Asker: 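Here it is, the structure, as structure tokens.
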Amino acid sequence: MSEEEELDYHTAIQKAGKQLCRFPLVTVRGVPLMCHIADNFEHIWAFTPDPSDLLIATYPKAGTTWTQEIVDLLLNNGDAEACMRAPTPVRSPFLEIFSPKPIPSGLDLLKKMTPPRMIKTHLPFQLVPLGFWENKCKTIYVARNAKDNLVSYYHFDRMNQTQPEPGPWDSYIHKFMQGDVGWGSWYDHVKSYWAEREKRNILYLFYEDMKENPRREVERIMRYLGLSLSDEVISQIVELTSFKSMKENPMSNYSCVPKLVFDDSISPFMRKGEVGDWRNHFTPEQSKMFDKDYKEKMKDVDIPFRDLI
Ligand SMILES: Nc1ncnc2c1ncn2[C@@H]1O[C@H](COP(=O)(O)OS(=O)(=O)O)[C@@H](OP(=O)(O)O)[C@H]1O
């Protein structure tokens, strides 16, 4: 990003900050979306990607930013400086985000960029513009176990002053289970991409696998992208995308978003980055109740989630 663009970007988000509020949810084709997304859904649906574009799809808080950083470094042969050219949401536009914006509007940014582009979405499979599938765009989906995903989303809803009010922890668990949160049901989301993964050649990854063996997962992404990088470069990418490195990196830690939007005194964007943190939040009763409902909602699929019990 040039100095002028960077200045523009910061002025724009500061100005937009004045119009920001906790956006209410509006249902689009059965999926609750924040109203600024719902109001502009027609434009989002009409977006036509280039066949060379890459889609990174996730339910919110499943490891999107981590994956965006890995992909950008892979595409830039591990060049840390190149990947510090701009904050994550500028390097990898967020397809459905519209103004007033805590981060730049995805469609506006995409118009200015030449393919191949790295595009982020939280839309469930059925709301992703058809052009992605017609043009056979490569797609990486990252899923995170439901309980850790819920915990991360709860803290994000507390700190992001544009997300709907999360309310107390106990009622948030119920909201999440009912899919009464932005981008809807976690259960439907992870299932929607799982069902299409083979037909659409979607690389379906798990946050827990990335934590367990980041190098193995970086290499998996590398092969999916048709790249072959040296062992040394891969090691560098693993190091640059560790939680600690990304938390310290102003281009990946979302410190680009002003405090009046992302209030990091409530909870930082790069919060803990752990598997199993749900154990510090769920009471045994809440966990039992969640597990019973989970079993019922997930009985029709066998997606290998771990660290849930
Ligand atoms: N490098 C790395 N390693 C491990 N964990 C990481 C990493 N980068 C981000 N994170 C954690 O991912 C959570 C944020 O998820 P997303 O990037 O999907 O958020 S968003 O939906 O794009 O807003 C959030 O999880 P929690 O800490 O559990 O809240 C981040 O801390």
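What you are looking at is a predicted structure, and each value in this text was computed from that prediction instead of being measured.
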Asker: Looking at W169, F176, Y59, which one forms a ring-ring contact (aromatic ring centres under 6.0 Å, His included) with Y153?
Answerer: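 When W169, F176, Y59 are each tested with Y153, the ring-ring contact (aromatic ring centres under 6.0 Å, His included) holds only for Y59.
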
Asker: What pairs with K175 under side chain to side chain contact (heavy atoms under 4.5 Å, CB included), at least two apart in sequence or on another chain?
Answerer: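 K175: side chain to side chain contact (heavy atoms under 4.5 Å, CB included) contacts with D180, V181.
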
Asker: I need the L110 CG to I119 CD1 distance, nearest 0.5 Å.
Answerer: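 Between atom CG of L110 and atom CD1 of I119 there are 5.0 Å.
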
Asker: For the pair R200 (side chain) and K138 (backbone), establish whether a donor and an acceptor sit closer than 3.5 Å, ignoring hydrogens and angles.
Answerer: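 Here the side-chain-to-backbone pair does not exist.
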
Asker: Taking side chain as C-beta onward, heavy atoms only, is M177 less than 4.5 Å from Y294?
Answerer: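 No, every pair of side-chain atoms sits at 4.5 Å or beyond.
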
Asker: Which heavy atom of N201 sits nearest a heavy atom of Y224, and at what distance?
Answerer: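 That closest heavy-atom pairing would be O-OH, 2.6 Å.
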
Asker: Closest heavy-atom contact between G78 and I237?
Answerer: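 Result for this residue pair: CA-CG1, 3.9 Å.
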
Asker: Is the NZ or CZ atom of K147 positioned over F282's six-membered ring, under 6.0 angstrom from the centre and within 45° of the axis?
Answerer: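 Yes, a cation-pi geometry.
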
Asker: Out of curiosity, H281 NE2 to L150 CG, how far, rounded to the nearest 0.5 Å?
Answerer: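 Answer rounded to 0.5 Å: 9.5 Å.
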
Asker: Does a side-chain heavy-atom distance below 4.5 Å link I173 with Y154?
Answerer: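 I173 vs Y154: side chains apart.
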
Asker: Please name the pair of heavy atoms, one in T241 and one in L73, separated by the smallest distance, quoted to 0.1 Å.
Answerer: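 Heavy-atom minimum between the residues: CG2-CD1, 3.6 Å.
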
Asker: Could you check whether R144 makes a cation-pi contact with W186, meaning its NZ or CZ is under 6.0 Å from the centre of the six-membered ring and within 45° of the ring axis?
Answerer: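 Not flagged: R144 not positioned over aromatic ring of W186.
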
Asker: Do other residues, nucleotides or ligands put more than 12 heavy atoms under 6.0 Å from the CG atom of N280?
Answerer: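 Result for CG/N280: enclosed.
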
Asker: Which distance, rounded to the nearest 0.5 Å, do you find between the CD1 of I266 and the CG of D263?
Answerer: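 Answer for the CD1-CG pair, I266 versus D263, is 4.0 Å.
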
Asker: Any side-chain heavy-atom pair from N253 and T65 closer than 4.5 angstrom?
Answerer: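 Side chain of N253 against side chain of T65, heavy atoms only: no contact under 4.5 Å found.
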
Asker: Just wondering, do F206 and N145 contact through their side chains at under 4.5 Å, heavy atoms?
Answerer: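 A side-chain contact is absent here, since even the closest heavy-atom pair is not under 4.5 Å.
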
Asker: Minimum heavy-atom separation for K259 and S265, please, with both atom names.
Answerer: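 In this case the closest contact between K259 and S265 is NZ-CB, 3.4 Å.
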
Asker: Can you check whether F269 reaches S255 side chain to side chain, under 4.5 Å on heavy atoms?
Answerer: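 No, every pair of side-chain atoms sits at 4.5 Å or beyond.
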
Asker: For the residue pair S92 and Q68, confirm or rule out a side-chain donor-acceptor distance under 3.5 Å.
Answerer: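 There is such a pair (donor and acceptor under 3.5 Å, judged by atom type) between the side chains of S92 and Q68.
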
Asker: Search all heavy atoms of N135 against all heavy atoms of P49 and return the closest pair with its distance.
Answerer: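 In this case the closest contact between N135 and P49 is ND2-O, 2.9 Å.
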
Asker: Apply side chain to side chain contact (heavy atoms under 4.5 Å, CB included) to N77 and list each qualifying residue two or more places apart in sequence or on a separate chain.
Answerer: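 Per chain and number, N77 pairs via side chain to side chain contact (heavy atoms under 4.5 Å, CB included) with L229, V233.
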
Asker: Salt bridge (charged side-chain N to carboxylate O under 4.0 Å, His left out): which pairs involve residues 151-173, sequence neighbours left out?
Answerer: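 Non-adjacent pairs meeting salt bridge (charged side-chain N to carboxylate O under 4.0 Å, His left out): R22-E165.
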
Asker: Please find out if less than 6.0 Å separates the ring center of F262 from that of F156.
Answerer: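 Between F156 and F262, which both carry aromatic rings, the centre distance is below 6.0 Å.
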
Asker: Evaluate the side-chain proximity of F23 to I37: yes if any heavy-atom separation is below 4.5 Å, no if none is.
Answerer: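 No - every pair of side-chain heavy atoms lies 4.5 Å or more apart.
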
Asker: Test of understanding: with side chain to side chain contact (heavy atoms under 4.5 Å, CB included), list the residues that count as partners of S52, not counting sequence neighbours.
Answerer: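 Residues passing side chain to side chain contact (heavy atoms under 4.5 Å, CB included) with S52: D50, P115, P116.
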
Asker: Could you work out, with side chain to side chain contact (heavy atoms under 4.5 Å, CB included) as the rule, every residue matching K288, not counting sequence neighbours?
Answerer: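 Expected list: none.
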
Asker: State whether a side-chain donor-acceptor pair under 3.5 Å links Y141 with H189.
Answerer: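 The answer is yes; a qualifying pair exists.
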
Asker: Is the W278 to F290 ring centre distance short of 6.0 Å?
Answerer: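 No, too far apart.
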
Asker: Taking the side chain as everything from C-beta on, heavy atoms only, tell me whether E196 gets closer than 4.5 Å to K199.
Answerer: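 Result yes, sub-4.5 Å side-chain heavy-atom pair found.
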
Asker: Go through the structure and list residues passing salt bridge (charged side-chain N to carboxylate O under 4.0 Å, His left out) with E96, not counting sequence neighbours.
Answerer: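 Salt bridge (charged side-chain N to carboxylate O under 4.0 Å, His left out) list for E96, sorted by chain: empty.
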
Asker: Can you list the residues that meet the side chain to side chain donor-acceptor pair (under 3.5 Å) rule with K299, with sequence neighbours excluded?
Answerer: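 Per chain and number, K299 pairs via side chain to side chain donor-acceptor pair (under 3.5 Å) with E296.
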
Asker: Please tabulate, for the side chains in residues 122-133, all donor-acceptor contacts under 3.5 angstrom to protein atoms that are two or more places apart in sequence or on a different chain.
Answerer:
from: H122; atom 1: ND1; to: T58; atom 2: O; distance (Å): 3.0
from: H122; atom 1: ND1; to: T58; atom 2: OG1; distance (Å): 3.0

Asker: How long is the span from the CG atom in N40 to the CG atom in L107, to the nearest 0.5 Å?
Answerer: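 So the CG of N40 and the CG of L107 are separated by 8.0 Å.
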
Asker: Output, in order, the C-alpha distance, side-chain angles, deciding distance and verdict of salt bridge (charged side-chain N to carboxylate O under 4.0 Å, His left out) for K211 and E274.
Answerer: CA-CA 8 Å; K211 283 295 291 187; E274 284 172 7; over 6 Å; no

Asker: Which heavy-atom pair separates S267 from H155 by the least distance, and what is that distance?
Answerer: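 Smallest heavy-atom distance, with atoms named: OG-CB, 3.6 Å.
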
Asker: Taking C-beta and beyond as the side chain, do M34 and P164 meet within less than 4.5 Å on heavy atoms?
Answerer: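 Yes, side chains in contact.
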
Asker: I'd like to know if R216 and E219 make a salt bridge, using a cut-off of under 4.0 Å between side-chain N and carboxylate O.
Answerer: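 Looking at R216 and E219, the cut-off is not met.
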
Asker: Using the test side chain to side chain donor-acceptor pair (under 3.5 Å), find all partners of K244 that sit at least two apart in sequence or belong to another chain.
Answerer: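 Expected list: E248.
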
Asker: Using side chain to side chain donor-acceptor pair (under 3.5 Å) as the criterion, list what pairs up with N249, not counting sequence neighbours.
Answerer: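 So N249 forms no side chain to side chain donor-acceptor pair (under 3.5 Å) with any residue.
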
Asker: Looking only at side chains, do S245 and S242 share a donor and an acceptor under 3.5 Å apart?
Answerer: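 Side-chain D/A pair, S245 to S242: present.
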
Asker: Provide the full list of salt bridge (charged side-chain N to carboxylate O under 4.0 Å, His left out) pairs with a residue in residues 58-73, sequence neighbours left out, each pair given once.
Answerer: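 Pairs touching residues 58-73 that pass the test: E69-R91, D72-R85, D72-R91.
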
Asker: Which distance, rounded to the nearest 0.5 Å, do you find between the CG of N76 and the CE of M84?
Answerer: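 Reported to 0.5 Å precision, the distance equals 13.0 Å.
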
Asker: Apply side chain to side chain donor-acceptor pair (under 3.5 Å) to D293 and list each qualifying residue two or more places apart in sequence or on a separate chain.
Answerer: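 If we apply the side chain to side chain donor-acceptor pair (under 3.5 Å) test to D293, skipping adjacent residues, the hits are K297.
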
